[in-house]
Amino acid sequence: MRSSITIFIVCLYTLLSSGKSSSGDDRRWLMSLVDLVELDYEDHCEQRADAGWDELIGVSKGLPTKLERDKAYGIFARQQMADVKSAITSQALSSDDLLKRKVKLLLQPGDTLLEPEQWIRLVTFADTALHKLRFATDYDCGTNVNCTLRELHKSMERQQDESTLLRMKTSWERNLPDLNEYLEQILPLLRNSSRENNYNTVEEYWDSLGEYECAILKAREIWDHVKPLYIKLHKYISLQLKGSEAIGKPLPVHLLRSLNGDDWSNVIESLLPKHHDIYKRIFANLQTKELGGLKAFKEAEKLLKDLEIGEIEPEIFADSYFNGSCPTTIIDWCKPNKVRFVTCQDVSLGNYIEAHEAAAKIKYKITAALHSNNTYVLREASRYSAVYEAIPGFISLLALNPHTLDRAGFYALERFNYNPNHHRLVLQLIFALRDLPKLNYYIAADEWRLRVLMGVIPPSKVVNSWSEFRKNFSMLETSNKDFLGDPYMLLNKPFIGKFMGLILKYQIYQSYAEELISDDYDLVKHVAEKNERLIEPMIKGFSIIWPEMISDLLAKRENSLEYTGLTDYFRLLDEYLDNQLEPSGERNDDDEYVDPPESEPEIEEKTIPEENDIPKVEKPKDTHESIIDNVIDTGYDLNSKSGLETSTVGVLEIKNPVATANQNEDVGPKEASYNTYWWIGVAAALVVVVSLVAIIARKRQNHRKKLDRQRRENSRA
Ligand SMILES: *[C@@H]1O[C@H](CO)[C@@H](O)[C@H](O)[C@H]1NC(C)=O
Ligand SMILES: *[C@@H]1O[C@H](CO)[C@@H](O)[C@H](O)[C@H]1NC(C)=O
Ligand SMILES: *[C@@H]1O[C@H](CO)[C@@H](O)[C@H](O)[C@H]1NC(C)=O
Ligand SMILES: *[C@@H]1O[C@H](CO)[C@@H](O)[C@H](O)[C@H]1NC(C)=O
Ligand SMILES: *[C@@H]1O[C@H](CO)[C@@H](O)[C@H](O)[C@H]1NC(C)=O
Ligand SMILES: *[C@@H]1O[C@H](CO)[C@@H](O)[C@H](O)[C@H]1NC(C)=O
């Protein structure tokens, strides 16, 4: 129906433009054409969403309908491109940036420009492969009974036996599509997509889809700086899992309890530092409160409310499906509030964090859609925005923020404040095990595909080249085809947006954490006060390219990606890994650890720190923790009504980069000097306050402890 109107408009336009027309007319024609094209796109979106949903939840005929819709979509997009192209004149585009933007997005819609036969080949391969993986029931879960994908993920999480893990992974690989077909028929389509979108090389084409100048080059540069931390984490895992002789050698991914090595979270329990009380409690709370599926999303919604980003409409939850597999899949109908998702009910820390990310993405989509001038193409452009990845990623970081954990009843803030550095180390480990392997996987996957396409790898070696590449680049032992379980790989999509999103996520964190200098020390509250920085980009959708949003997002002049946000965030972990890999012998974790009260209300039950310690309050010396150590070591009583003391700790515990700023050279050069002086000032002031407070508090506590002990000894006697 609408297509015929479009054709009518085009004909009318052609007819008219044969005569003389003014630039105003040209522009009006083009605008109305674009409007109609977008309406047609919306129709397609709705139909594809219906079909995609049916396929996801396993309705019979789901797959054939989805295939039909996806095939038609490519043919449609190609046709629309031709229509729009024919209506463009230079006058029509002059001085209307939004129209220019829409036209560009419609003219270069990405892979849908492939010739129909080729497009159909691509979506058929991907849809069929994903469907098979999703609904196969012959996975090996280590028992005698075959199982589903959901059960496979769940069993991998806890399985210890090496050969069973290998069997499980192999059973998954049996369900992957054919590698040769991929290498011969699917991957090379990228050359044709690039050509159809008017780019000479696939790398240029991907840079343009990522909308960042020289994106892949930048990613390589960033990776070089993140790599040392990745290597350390890898070495530490080798040490813990296989002993010192395994350090520096590739790790088989099944030992990481992972199918393709892009997430190492499942081995966390072998890596925890000595004091990991916070992990135990988070884990226990997730289990006892059964925070999987809907409940995890409800927690995520609470965080969104605390951030004053808004709630998620009840019908979205009501109509979503919680009996599927994780990670969450979101389906968007391109209509107000019509977004649904499919997820799993299994309780795990990974699923919990992921639910926060997914909920934030849903909110992102809804916000973009509600904004009146984001018409279809400005919401759903086939572009890979790092901001779309970074903001939800940042929100999922806040899910394990000390104040959020406190509000969720996972871990009391008072308890956190006893040994903030020890707890932060554990939290950093949790995120490092998720994000570092992903960063590596993303860039490895893009690099490898570019190399294959450029012919860098001799044809005879291509079949084994993925595992070779992973061995060298990622220090992982993988199979040759495990990437074929990934929708981005199956659909020839670049990971560059996701890679950059992970980097930007930590830049956002840093930008907010650095501002925390007021009386209000709750990072979530602070973000809520300045949440327009997060909401603005959601509202804008794809109306401008994402790099133009960076500087507002970070409230800084800088508008580029920097690895320092990430490396600063993981500083404690970095040091810890250094110490574990090359123990100096002098340091001892316990020196800094204060046993928290066993059960909060019973003061008598407290385990008592060394009594005769002189409070170690001195000028910041050259260890990173100096300031914080001093605060912790004093062991003052946090249960007392000393608001000043708690909040002092409160600032420091959140501001990871802060404590290190005064001796850290690799802070951005321009801001470093300012920051350095500022922090030295703050540190000096804190040291004075803390010394006084600490001495008094300690004295008071020691006194009370002495009394307690006397009383206990008396009662025993
Ligand atoms: C499990 O799957 C394997 C491989 O497809 C098959 O050979 C076997 O018969 C199945 N076993 C059961 C118990 O269904
Ligand atoms: C790319 O396009 C050319 C020309 O249309 C075609 O001959 C070739 O087979 C295509 N490549 C693939 C992998 O289909
Ligand atoms: C969830 O899905 C499984 C199969 O994947 C099925 O056996 C079970 O009945 C479903 N549960 C609900 C509540 O739909
Ligand atoms: C979107 O619409 C608002 C008014 O509804 C207008 O002020 C604003 O300039 C528009 N944005 C763009 C990018 O055109
Ligand atoms: C392995 O990686 C290094 C850089 O990380 C590179 O210089 C070297 O050529 C690679 N070797 C192979 C065989 O790919
Ligand atoms: C970033 O800033 C530089 C100069 O400060 C400017 O030349 C460049 O165009 C900006 N890039 C974006 C994407 O805004």
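Note that ligands are numbered from 1 as they come in the structure, with each ligand's atoms numbered from 1 the same way.
From the protein, the heavy atom lying nearest to atom 4 (C) of ligand 2 is Arg195 NH2, 3.8 Å. Protein heavy atom in closest approach to atom 5 (O) of ligand 2: Glu115 OE2, 3.2 Å. Scanning the protein for heavy atoms near atom 10 (C) of ligand 2, the closest one is Asn192 ND2, 2.4 Å.
Of the residues Asn480, Thr478, Asp482, Asn472, the one that meets the side-chain hydrogen bond (donor to acceptor under 3.5 Å, both in side chains) test with Ser467 is Asn480.
Within the listing of ligand 2, atoms 13 (C) sit less than 4.0 angstrom from a heavy atom of Pro188. For ligand 2, the atoms closer than 4.0 angstrom to any heavy atom of Leu189 are 12 (C), 13 (C), 14 (O).
Remark: the Trp333 side chain and the Asp50 side chain contain an N/O donor-acceptor pair separated by less than 3.5 Å. A side-chain donor-acceptor contact under 3.5 Å links Ser474 and Asn440.
The shortest N or O to N or O distance between Arg121 and ligand 2 is under 3.5 Å.
Under the 6.0 Å cut-off for aromatic ring centres, Trp448 and Phe473 do not qualify, their centroids lying 6.0 Å or more apart. Here the two rings, on Tyr384 and Trp546, have centers that are 6.0 Å apart or farther. Between Trp172 and Tyr139, a ring centre-to-centre spacing not shorter than 6.0 Å is recorded.
Ligand 2 lies out of reach of Arg191, whose nearest heavy atom is not under 4.0 Å from it.
When heavy-atom distances to ligand 2 are checked against a 4.0 Å cut-off, Glu117 has no atom that comes that close, whether in backbone or side chain.
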